[in-house]
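Notes follow the structure.
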Protein chains: 2
Amino acid sequence: MDRLIVVHHEFFEPELIGRITERAAELGFRVLAFDGRVPGEKEKGRDAVKDAEILYAFSPRMLRAGSEKLKWFCCMSAGVDLFTDPSVFPNPGVMLTNSNVYGPAIAEHVVMALLMMMRKMNAYGEIVRERKWTRNLPIDGIIENSFLIVGTGNLGTNIASRLKGMRAGRVIGVNRSGVFRGEENPFDAIRPIGELDGLLGEAGAVILAVPKLGDTTRIINADTIARMRDGAYLVNVGRGNAVDQAALIEALNGGKLAGAALDVFETEPVPPDDPIWDAKNILITPHVSGDTSLPYTRRANVERFLADLERYAKGEPLLGLVDPKRGY
Amino acid sequence: MDRLIVVHHEFFEPELIGRITERAAELGFRVLAFDGRVPGEKEKGRDAVKDAEILYAFSPRMLRAGSEKLKWFCCMSAGVDLFTDPSVFPNPGVMLTNSNVYGPAIAEHVVMALLMMMRKMNAYGEIVRERKWTRNLPIDGIIENSFLIVGTGNLGTNIASRLKGMRAGRVIGVNRSGVFRGEENPFDAIRPIGELDGLLGEAGAVILAVPKLGDTTRIINADTIARMRDGAYLVNVGRGNAVDQAALIEALNGGKLAGAALDVFETEPVPPDDPIWDAKNILITPHVSGDTSLPYTRRANVERFLADLERYAKGEPLLGLVDPKRGY
């Protein structure tokens with residue numbers, strides 16, 4: 001009767017699988033790893049889950065084959081909105097943890113997206129494609145600029161840290177409590193979400209880094225956009241439900257906002273006929289800001305799992321524990 | 001017999017001209033300012049130079065009208081390679097200062113350009129233009145990556161500071177002496193240029209931030225590219241002479257380098273039939289990294305001039321003094 005860990009992944013190098021296997025063995029577990037990119041592996045993995053005590057994978061779909069022995073699902077992603085329906089779990093006692101390791105990759109995306117908008121890279125891209133030499137388009141910068149970040153978790157904290165490292169001016173975070181609960185606090189101030197309306201006008205850019213929750217739906221809408229500064233920028237790297245896309249398109253085309261960088265959308269994949277593609281000064285990326293192909297992210301994902309595996313083996317509370325009903 | 005300062009600019013707001021005029025008056029100078037964007041102003045400005053003691057402008061062409069009273073030319077740009085020919089000066093005693101205030105704007109460009117290359121934004125741009133939803137292109141990041149910066153002046157120092165602020169790994173600077181002469185040193189180490197060959201292979205990205213000098217010509221050529229890491233990135237924000245473009249094109253098209261971001265070129269404007277436009281994984285911008293349209297840059301330019309004006313009025317040595325023959 002060995003204790004089985006099933007790993008279903010799409011991006012780990014053999015070296016990382018080796019690290020998992022080795023550490024698990026020390027703690028008394030056997031590991032079966034399946035690479036979802038290899039044909040047939042996904043099905044084999046799903047089959048193996050029926051004997052697993054621990055499953056380390058992205059999707060709750062891995063659970064459907066039945067897995068009554070399961071005690072812990074470590075989700076490889078940060079957002080666990082696919083798990084809010086309790087029926088995805090084969091038994092009510094399964095613990096769910098998430099992997100809050102995407103902050104660094106996403107923060108780099110945010111800095112890049114802000115600078116691409118501020119430095120008119122859409123326009124310069126067209127100029128260069130036509131082999132022209134047009135210069136002196138008016139640009140903005142991060143230095144001395146002010147930022148409002150909605151969400152102060154792993155994403156928001158990493159974004160704030162990078163902006164301050166880029167010599168940003170004031171960086172304000174917004175969350176439910178108005179209190180910072182992380183380790184090192186890079187924000188100049190944290191305010192409760194109830195004060196959002198009054199804070200929107202103070203920022204050169206508003207960055208959304210919140211999970212998908214009922215009360216994060218359409219935080220950015222016609223009313224809140226009207227409170228933003230003329231010529232401000234919007235970035236969304238959380239979940240697509242946070243932005244009323246129709247209102248955003250109007251604000252971009254009408255010139256109220258100078259640009260918006262969206263990595264997440266109301267509907268994904270974005271349908272080919274969606275008007276968001278044609279909005280003025282939009283920077284669209286296909287939900288890749290937290291791309292797991294970044295070596296740091298892969299390694300941190302495994303290290304986070306192994307840290308919790310050690311705690312699990314000792315019966316200690318898990319670091320990444322989330323409440324599927326609450327959604328984070 | 002009043003003492004005249006002529007300002008010939010293309011980007012100062014009235015508020016900044018007001019600050020110059022006010023401070024100059026306190027120090028006993030009269031200011032005539034000409035906005036080169038307004039038709040006829042350039043000619044009027046050039047005419048006024050003949051009575052000027054101080055000229056604050058970009059180009060040595062402003063000197064041609066004859067200006068025997070001139071004692072100080074404050075150049076608004078950082079690079080003074082247009083001034084190496086002593087005959088541009090109407091008399092041999094003219095002091096030349098430059099404006100080392102472009103570091104922050106250029107450092108933001110470098111961070112953006114690196115991330116655009118590392119995060120495959122050329123490819124994602126095409127995917128998005130075709131309204132596709134292709135994901136998971138392999139990406140790199142700044143976090144934990146290693147960088148080699150050639151040039152440790154205002155540009156190189158600002159670039160190093162931002163990279164460290166973005167949680168880069170090792171950031172090495174290269175200069176003539178191997179000694180850091182600035183104020184706060186953000187580099188992990190400074191090495192003399194003689195060690196360049198051995199350092200090139202250690203960096204995920206090499207960034208060129210050197211002025212145009214005889215011994216900076218084609219620092220990056222077929223030999224030095226061969227010493228770079230396979231899949232490394234190159235960024236040039238100094239002067240175009242530092243890169244052998246033909247060798248770079250070969251390295252990009254052959255896959256030795258993963259990308260190159262050039263803001264400066266052997267010939268500017270880049271001719272429409274130049275093969276650099278078509279190089280694989282190239283990110284071209286038309287010499288805009290230090291764009292003066294960034295509000296920070298404009299203000300810092302004026303503040304730097306006023307700091308030296310105060311020193312000039314007191315007979316103290318100027319901060320920005322450069323040797324036109326040496327070129328920096």
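Nothing here was measured: the structure is a model prediction, and the numbers come from that model.
We find the CE-CE distance between B:Met121 and A:Met112 to be 4.0 Å, quoted to the nearest 0.5 Å. Rounding to the nearest 0.5 angstrom, the gap separating the NE2 atom in B:His287 from the CH2 atom in A:Trp133 is 8.0 Å. Interatomic distance, CG of B:Leu115 versus CG of A:Leu115, reported as 8.0 Å (0.5 Å rounding). Summarising the geometry, atom CE belonging to B:Met116 is positioned 3.5 Å from atom CE belonging to A:Met116; distances are rounded to the nearest 0.5 Å.
Smallest separation of non-hydrogen atoms from B:Ile143 and A:Leu294: CG2-CD2, 4.3 Å.
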Starting from the C-alpha separation in whole Å, work towards a yes-or-no answer on side-chain contact (heavy atoms from CB on, under 4.5 Å) for A:Tyr124 and B:Ile284.
CA-CA 9 Å; A:Tyr124 278 123; B:Ile284 288 178; over 6 Å; no

Assess the residue pair A:Arg167 and B:Tyr296 against the criterion (side-chain contact (heavy atoms from CB on, under 4.5 Å)); give the C-alpha distance rounded to whole Å, side-chain angles, the decisive distance to 0.1 Å, and a yes or no.
CA-CA 12 Å; A:Arg167 285 180 54 187; B:Tyr296 167 88; 4.1 Å; yes

Determine, step by step, whether A:Ile139 and B:His109 satisfy the side-chain contact (heavy atoms from CB on, under 4.5 Å) criterion, reporting the C-alpha distance in whole Å, the side-chain angles of both residues, the deciding distance to 0.1 Å, and the verdict.
CA-CA 11 Å; A:Ile139 65 168; B:His109 180 88; over 6 Å; no

Pair A:Trp277, B:Val128 - check side-chain contact (heavy atoms from CB on, under 4.5 Å), show working.
CA-CA 8 Å; A:Trp277 295 108; B:Val128 164; 3.7 Å; yes

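Per-residue heavy-atom pair counts under 4.5 Å with chain A were compared for B:Thr285, B:Thr292, B:Val270, B:Leu163, and the maximum is reached by B:Val270. With chain B as the partner, the residue from A:Ser293, A:Pro286, A:Gly165 showing the most heavy-atom pairs under 4.5 Å is A:Pro286. In terms of heavy-atom pairs under 4.5 Å with chain A, the best-connected choice from B:Arg129, B:Glu130, B:Lys120 is B:Arg129.
If you measure heavy-atom distances from A:Leu137 to chain B, the contacts under 4.5 Å come from the backbone alone. For B:Thr134, the part sitting under 4.5 Å from any heavy atom of chain A is the backbone (N, CA, C, O) and nothing else. For a residue to count as touching a neighbouring chain, one of its non-hydrogen atoms must lie under 4.5 Å from one of that chain's; by this rule A:Met118 does not touch chain B. For A:Lys164, no part lies near chain B; criterion is any non-hydrogen pair under 4.5 Å. For A:Asn158, the part lying under 4.5 angstrom from a heavy atom of chain B is the side chain only.
Salt-bridge formation is detected for the pair A:Glu144/B:Arg299: a Lys NZ or Arg NE/NH1/NH2 atom is positioned less than 4.0 Å from an Asp or Glu carboxylate oxygen. The residues B:Asp278 and A:Arg131 are annotated as salt-bridged, a charged nitrogen and a carboxylate oxygen being separated by less than 4.0 angstrom.
Between the B:Arg119 side chain and the A:Ala105 main chain, a donor and an acceptor come within less than 3.5 Å of each other. With A:Glu108 contributing its side chain and B:Ile142 its backbone, the two residues share a donor-acceptor pair below 3.5 Å.
Residues that satisfy the salt bridge (Lys or Arg N to Asp or Glu O under 4.0 Å) test with A:Asp230, not counting sequence neighbours, are A:Lys256.
Taking 4.5 Å as the limit, every side-chain heavy atom of A:Arg135 sits out of range of all side-chain heavy atoms of B:Asp291.
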